[in-house]
Asker: 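Below is one structure. I have some questions about it.
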2 protein chains.
Amino acid sequence: MTTVDHLRQVRLGNLRTVLLALVDRPGSRADLAARTGLTKATLSNLTEPLLAGGILVEEPATLVGMGRPSKPLRFHPAGPVAVGAEINVSHLAVETLGLDGETLERRLVPADMRRIPADEVLDRIAGLIREVTGGSERRLLGVGLAIPGVVHDGAIVRAPNLPELVGTRLAEGLGERTGLDVQLDNEANLAALAHLWPRHLAGEDFVHVTADVGIGAGVVLNGEVYRGVSGFAGELGHVVIERNGIRCTCGSRGCVERYAGLDVILREAGRRRLDSLRRALEAGDPKAAEAVRKAGEALGVGIATLMNLFDVPTVVLGGSYAVLYDHLREAVQSEMDGRVLAGGERHTRLLASPLGEFAVVRGAAGLITRRAVQQPERLFA
Amino acid sequence: MTTVDHLRQVRLGNLRTVLLALVDRPGSRADLAARTGLTKATLSNLTEPLLAGGILVEEPATLVGMGRPSKPLRFHPAGPVAVGAEINVSHLAVETLGLDGETLERRLVPADMRRIPADEVLDRIAGLIREVTGGSERRLLGVGLAIPGVVHDGAIVRAPNLPELVGTRLAEGLGERTGLDVQLDNEANLAALAHLWPRHLAGEDFVHVTADVGIGAGVVLNGEVYRGVSGFAGELGHVVIERNGIRCTCGSRGCVERYAGLDVILREAGRRRLDSLRRALEAGDPKAAEAVRKAGEALGVGIATLMNLFDVPTVVLGGSYAVLYDHLREAVQSEMDGRVLAGGERHTRLLASPLGEFAVVRGAAGLITRRAVQQPERLFA
DNA sequence: CTCATTCGTTCAATGCTTGAACTTAGTGCG
DNA sequence: CGCACTAAGTTCAAGCATTGAACGAATGAG
């Protein structure tokens, strides 16, 4: 690594700083200089190739106040685009996202994926991606691919609800079909990322908790999704809350999942689908409300344990839990207040995710735009 | 930040790399160049001020093999020294540590600290430090101070066993008394650090678990001690294993601490002190063995939960747990095997700490030597 | 003594940010 | 209309740690 290489790293680091500022909001060279702490000279220098490369555009001067009018820079409306894709138990989804954080297109196709072989799943995802990107000439930065399973070194090592996928190398398969670079990650991690990038919902470290068949937590530490040594981090569903409790498919006993999983809630409420449960809750069905409240208690105990270990101040409930938030909140918050050690010092914040059913695909696309910003050399490839 | 500043950062980074290599083991300039990936030219350049400043010494040439003999560099035997200090419920301890990782002096003074006002505690610690460092002319890099409590922004925000200390600013007080820079941290974090620096016991991420009155876990992620947003991370003692279990002083129910705390083990075994329990175990007392085994079960459940959240592969049992290791191991390992999700993929390793009762002070001193190596500019101050 | 071998030193070349000076492009006022 | 004023954006020389190649130093083998 020569000194020249080091200086190039410095340049790339500054480029990243500038792009991060632009993700936050557009701004003139002078404005960006003020926001990043760099000088105007450096900003002229750094933005020149971004403008030439079609990553940024210079807007016409805005005529306000005295002095030479500034010409704001923003991400080029025909600039590069990231693709997010999600393979899940009951649906496929695809979304495209610009570097400015604006969603361009989305598709969500309900379909039972449990018995479909990996090759066919990939064909269908690739088809959806073509549909969504077909009409546009914009350069594609890559695909983020979300799956309900544990990913380690690009391979799926665990996927209790989509066992057909275990051991397959989905990223390579989809890469061949689309000609794009594909990044594979767990849906819980990506849902958390969607709340962090491109706009930070909580403003600080948080845990994002979702329920589908299992319960997954995406943990954000120091502004980064924490994945653990082998991708198993944040397995909130298998936190034990009653050590001699109900036997779990994982071999343990008393896992949170056995008390607060969506399947458990639906069964206790005597419902088949989340929609039906929601309608029952809205209609004031006491059995449904009680089922959700009990799940909230168990979930709150698990979350309290998680907070005592990670010391994060904020919990975001997403997925089905966001739908049930109004009926979950009280029980969860009560267990948190009673059990989290740091609770006295500063409050433990509980939020509902505003992102809805597109949180995971959005995070998957965000994985790609984030990488492009953090490694700006990719924008010039 | 001018380019010149950036280049200075590069130099400091390289200096750090070289010092890290030297902590590992001594070596000639050529050897260090090979180990760090830098060039011989850079090594001559970087080591020159370290030799001039008395941080390193050049040994006489070693005459082995062909070619010009190499002159190994090592930390100067009269070079700077770090002080570790520990304030605990039943003892005070002090240790001095060289940059080479060698312990120079230690003192452990049993004493009940529970009613002693902070000022007197500081006087006694300062006295011990003077005793231990008095005879030497070596420069003191600073003091690492360990306390059984939660530290946030240099202040003690929680110390259930030494309530007199809450709210006091110990670092300032000790700094005034010794004229040294004092760094305050939690004993669980420092015990973990002692297993990571200057020699890495586990070789990868791990959790270090100790029991005194409470149960504390020091979590090492990516080679760094993870402290959380406000210093409360790793509160394993208050992980819930039976949500309707025994009421805990923290306000929760069923905390691990209530089943696996040292006080609980002693009570169940009908003993007063750890020594007595150990002798009973060695003598084959079945009541003692059963008390330890039961604690091991509870501890194992808590550790399994911790591993499912952090995804660390290794657990190190320290403090009293290290003493009881032979009688704890089986129960802990069994719960871990049955409950940790990643357990099937790669084994979960359980180790006993070899550091004994000086683990915490050693970590406290290590905090200072580590900082000196990571911020080499401090060595020239 | 000479050659081979390895250790350690010397030295010119390299390139990105900076801050000051400068140019550009507007507004405001007489 | 013209001149002072203001702010945006551009130009340019200066500054420094690493590098790689060439060189000097120190020893063993023959």
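A note on names: the letters A, B, ... follow the listed sequences, proteins ahead of strands, and every chain is numbered from 1. These numbers come from the heavy atoms of this one structure, side chains and all, not from hydrogens, waters or symmetry mates.
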Asker: How would nucleotides 14-23 of chain D be written as a contact map, 5' to 3', with B for base contact, S for sugar-phosphate-only contact and - for no contact, using protein heavy atoms under 4.0 Å?
Answerer: -BBBBBB---

Asker: May I have the distance from A:Leu32 (atom CG) to D:dA7 (atom C1'), rounded to whole angstrom?
Answerer: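 To the nearest whole Å, that distance equals 16 Å.
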
Asker: Using 30° and 60° as the class limits, which term best fits the ring planes of B:Phe206 and B:His200: parallel, tilted or perpendicular?
Answerer: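 Answer is perpendicular, since the angle exceeds 60°.
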
Asker: What protein N or O atoms touch nucleotides 25-30 of chain D N or O atoms at under 3.5 angstrom, if any, and at what distances?
Answerer:
residue	atom	partner	partner atom	Å
D:dA26	N3	B:Arg68	N	3.3

Asker: Is a side-chain donor or acceptor of A:Arg74 paired with a backbone partner of A:Val57 at a separation under 3.5 angstrom?
Answerer: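 No.
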
Asker: Side-chain N or O of A:Arg29 less than 4.0 angstrom from OP1 or OP2 on D:dA7?
Answerer: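 Checking A:Arg29 against D:dA7: no side-chain N or O falls below 4.0 Å of OP1 or OP2.
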
Asker: Drop me the distance from A:Asn189's CG to A:Leu196's CG, to the nearest 0.5 angstrom.
Answerer: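 Rounded to the nearest 0.5 Å, the CG-CG separation comes to 11.5 Å.
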
Asker: Checking side-chain polar atoms at under 3.5 Å, does B:Arg11 have a donor or acceptor matched by the opposite partner on B:Asn45?
Answerer: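 A donor-acceptor contact under 3.5 Å links the two side chains.
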
Asker: Distance only, no hydrogens: is a donor on one side chain within 3.5 Å (strictly under) of an acceptor on the other, for A:Thr133 and A:Ser136?
Answerer: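 No pair is found: no donor N or O on one side chain lies under 3.5 Å from an acceptor on the other.
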
Asker: Whole-Å distance between D:dA8 C1' and A:Leu51 CG?
Answerer: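 The distance from CG of A:Leu51 to C1' of D:dA8 comes to 15 Å, rounded to the nearest Å.
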
Asker: Is there a donor-acceptor contact under 3.5 Å linking the side chains of A:Ser230 and B:Asp311?
Answerer: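 There is such a pair (donor and acceptor under 3.5 Å, judged by atom type) between the side chains of A:Ser230 and B:Asp311.
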
Asker: If the condition is ring-ring contact (aromatic ring centres under 6.0 Å, His included), which residues does A:Tyr226 pass it with, not counting sequence neighbours?
Answerer: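 Residues passing ring-ring contact (aromatic ring centres under 6.0 Å, His included) with A:Tyr226: none at all.
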
Asker: Let me know the distance between CD of A:Glu59 and P of D:dA8, rounded to the nearest Å.
Answerer: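 One finds 16 Å between P of D:dA8 and CD of A:Glu59, rounded.
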
Asker: At their closest point, which heavy atom of B:Pro313 faces which heavy atom of A:Val229, and how far apart are they?
Answerer: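 Taking every non-hydrogen atom into account, CD-CG2, 3.9 Å.
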
